[in-house]
Amino acid sequence: QLQLVESGGGLVQPGGSLRLSCAASGFTLRYYAIGWFRQAPGKEREGVSCLSSSGVRTDYADSVKGRFTISRDNAKNTMYLQMTSLTPEDTAVYYCAAANLLDWNACTVEDGRTYDYWGQGTQVTVSS
């Protein structure tokens with residue numbers, strides 16, 4: 001069964017940090033571009049970050065640049081999103097995703113339709 005399973009969400013105080021993990025099963029994540037998206041209550045889904053399968057290209061939403069870092073561990077078939085300096089505006093359900101792109105140097109945070117597989121989502125709440 002092809003799936004992405006997320007973990008690491010939770011409640012954190014403003015200014016705190018969290019690391020989200022997303023483990024792939026049934027396929028080899030190293031051949032896929034990966035991305036993280038989020039959706040806050042009452043808002044549309046937003047692209048947060050992406051990383052090409054080659055590792056050459058990364059992209060971040062302006063709202064998270066300098067605070068979030070995307071990475072992958074090919075040996076563990078797992079991707080990560082390290083989040084620091086969290087604010088209440090970061091509160092959302094976070095989704096990981098994987099895209100099988102012909103261009104191994106490509107990734108996008110603009111179009112979620114590019115992605116083939118999605119995690120179930122993990123809640124991140126930033127509150128004091």
Side-chain angles (χ1 to χ4, degrees):
Q1 184 177 3
L2 306 175
Q3 61 178 354
L4 294 169
V5 179
E6 303 173 13
S7 60
L11 174 64
V12 62
Q13 292 187 340
S17 300
L18 276 178
R19 188 177 80 157
L20 304 182
S21 300
C22 177
S25 60
F27 65 102
T28 303
L29 195 59
R30 73 168 65 208
Y31 299 123
Y32 289 72
I34 59 176
W36 288 92
F37 293 77
R38 67 186 181 185
Q39 188 166 20
K43 295 187 177 180
E44 293 188 353
R45 185 177 63 193
E46 172 191 24
V48 175
S49 181
C50 71
L51 173 64
S52 65
S53 58
S54 68
V56 169
R57 173 176 169 78
T58 59
D59 199 6
Y60 294 91
D62 288 342
S63 58
V64 307
K65 281 181 180 177
R67 301 189 298 121
F68 290 11
T69 303
I70 189 172
S71 63
R72 69 166 87 215
D73 185 333
N74 290 333
K76 294 183 178 180
N77 217 31
T78 300
M79 56 192 285
Y80 305 95
L81 184 69
Q82 178 68 50
M83 306 184 292
T84 64
S85 301
L86 287 161
T87 74
E89 287 68 38
D90 296 315
T91 296
V93 177
Y94 284 72
Y95 299 89
C96 61
N100 188 6
L101 304 179
L102 292 177
D103 183 352
W104 285 21
N105 294 322
C107 75
T108 178
V109 295
E110 301 297 330
D111 189 357
R113 295 171 299 177
T114 302
Y115 291 82
D116 302 294
Y117 304 115
W118 290 83
Q120 80 283 3
T122 187
Q123 177 70 46
V124 172
T125 302
V126 184
S127 175
S128 55

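Small disclaimer: the values here were computed from a predicted structure and weren't measured. The figures that follow rest on heavy atoms only: side chains count, while hydrogens, waters and symmetry mates do not.
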field: Same apolar cluster: Phe37 and Leu4, side chain cutoff 4.5 Å
entry: no
message: If I take atom OG1 from residue Thr122 and atom CG from residue Leu18, how far apart are they, to the nearest 0.5 angstrom?
response: 9.0 Å
Atom pair CD/OG1 of Gln13 and Thr125 - distance to nearest 0.5 Å: 13.0 Å
task: Identify the heavy atoms of Arg38 and Ser63 that sit nearest to each other, and give their distance.
output: NH2-OG, 3.3 Å
query: Does Ser21 reach the main-chain N or O of Gly8 with its side chain, forming a donor-acceptor pair under 3.5 Å?
result: no
- request: Sort and list the pairs that fulfil ring pair (Phe, Tyr, Trp, His ring centres under 6.0 Å) and have at least one residue in residues 57-76, not counting sequence neighbours.
  value: none
- request: Look at the side chain of Tyr115 and the backbone N and O of Ala33, then say whether any donor-acceptor pair between them is shorter than 3.5 Å.
  value: no
field: Value rounded to 0.5 Å, distance of SG in Cys22 from CD in Gln120
entry: 7.5 Å
Same apolar cluster (I L V M F W Y, side chains within < 4.5 Å links), Tyr95/Leu20: no
task: Could you tell me which non-hydrogen atom of Asn105 sits nearest to which non-hydrogen atom of Ser54, and how far apart they are?
output: OD1-OG, 2.7 Å
query: How long is the span from the OG atom in Ser49 to the CE atom in Met79, to the nearest 0.5 Å?
result: 8.5 Å
task: Please answer: with hydrophobic residues joined when any side-chain heavy atoms are less than 4.5 Å apart, are Val48 and Val93 in the same cluster?
output: no
query: Rest of the hydrophobic cluster containing Tyr80 (Ile/Leu/Val/Met/Phe/Trp/Tyr, side-chain heavy atoms under 4.5 Å)?
result: none
query: If Ile, Leu, Val, Met, Phe, Trp and Tyr residues are connected whenever their side-chain heavy atoms lie under 4.5 Å apart, and connections chain through other members, are Leu81 and Val109 in the same group?
result: no
Main-chain N/O of Trp104 paired to Arg57 side chain as donor or acceptor, under 3.5 Å: no
field: Heavy-atom closest contact (Ser85 atom, Ser17 atom, distance)
entry: N-OG, 4.3 Å
message: Assess the residue pair Met83 and Val64 against the criterion (side-chain contact (heavy atoms from CB on, under 4.5 Å)); give the C-alpha distance rounded to whole Å, side-chain angles, the decisive distance to 0.1 Å, and a yes or no.
response: CA-CA 8 Å; Met83 306 184 292; Val64 307; over 6 Å; no
query: Short question: side chain of Asn77, backbone of Ala24 - any donor-acceptor pair under 3.5 Å?
result: yes
field: Under 3.5 Å donor-acceptor, Asp116 side chain and Leu101 backbone
entry: no
task: Would you please name every residue forming a ring-ring contact (aromatic ring centres under 6.0 Å, His included) with Tyr94, sequence neighbours left out?
output: none
- line: Closest heavy-atom pair, Asp90 versus Arg67, reported as atoms and distance to 0.1 Å, is OD2-NH1, 2.8 Å
- line: Taking every heavy atom of Gln39 against every heavy atom of Arg45, the minimum-distance pair comes out as NE2-N, 3.8 Å
Any donor-acceptor N/O pair, Thr108 side chain to Glu110 backbone, under 3.5 Å: yes
task: To the nearest 0.5 Å, tell me how far Cys96 SG sits from Leu29 CG.
output: 8.5 Å
- request: Of all the heavy-atom pairs spanning Arg72 and Leu51, show the shortest one and how long it is.
  value: NH2-O, 3.5 Å
- prompt: Do Thr91 side-chain atoms and Val126 backbone N/O form a donor-acceptor pair below 3.5 Å?
  reply: yes
message: Check the orientation of Tyr117 and Tyr32. Use parallel for under 30°, tilted for 30 to 60°, and perpendicular for over 60°.
response: tilted
statement: Distance col, row Ser128:OG vs Leu11:CG, nearest 0.5 angstrom, shows 9.5 Å
